[in-house]
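Here's the structure we're looking at; comments come further down.
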Amino acid sequence: TDYLEVVFWGTDLYLLLTDVGTGDLRPTIDGGIEGSNVYISMSSVLNNRGYNSNITVPIVTGLTPGLHTIRLRNNN
């Protein structure tokens, strides 16, 4: 299984995604229970015009200030 792990100091984590079709990214925050899919379906209008669809996706918000570890698992 493919995954990405990010360690950061803060309260929120956002990810910049480009349109890669469909996706299924599931976050685990600080070793807790795996969350639901955070991937957002993107409009194909920009892709049809030859532009990349970039979108900022909130992975987690509202954490207490501090050091956190987020693991994003690719469930495709």
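Scope of the values below: all heavy atoms of this structure, side chains included, with no hydrogens, waters or symmetry mates.
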Does the Asn37 side chain pair with the main chain of Leu25, one donor and one acceptor, at a distance under 3.5 Å? yes
Main-chain N/O of Tyr3 paired with Asn74 side-chain donor or acceptor, under 3.5 Å: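 Looks like no, no N/O pair under 3.5 Å.
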Set of side-chain contact (heavy atoms from CB on, under 4.5 Å) partners for Leu16, sequence neighbours left out: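 Per chain and number, Leu16 pairs via side-chain contact (heavy atoms from CB on, under 4.5 Å) with Asn54, Thr56.
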Leu63: side-chain contact (heavy atoms from CB on, under 4.5 Å) partners, not counting sequence neighbours: Phe8, Ile29, Val60, His68
So if I apply the side-chain contact (heavy atoms from CB on, under 4.5 Å) rule between Tyr14 and each of Val57, Thr61, Ile59, which one comes out positive? Thr61
Please report the shortest heavy-atom distance between Pro27 and Ser36, naming the atom on each side.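 Shortest heavy-atom separation between Pro27 and Ser36 comes out as CD-O, 3.4 Å.
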Can you name the closest pair of heavy atoms from Val7 and Thr69 and give their distance?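 Nearest heavy atoms, Val7 then Thr69: CG2-OG1, 3.7 Å.
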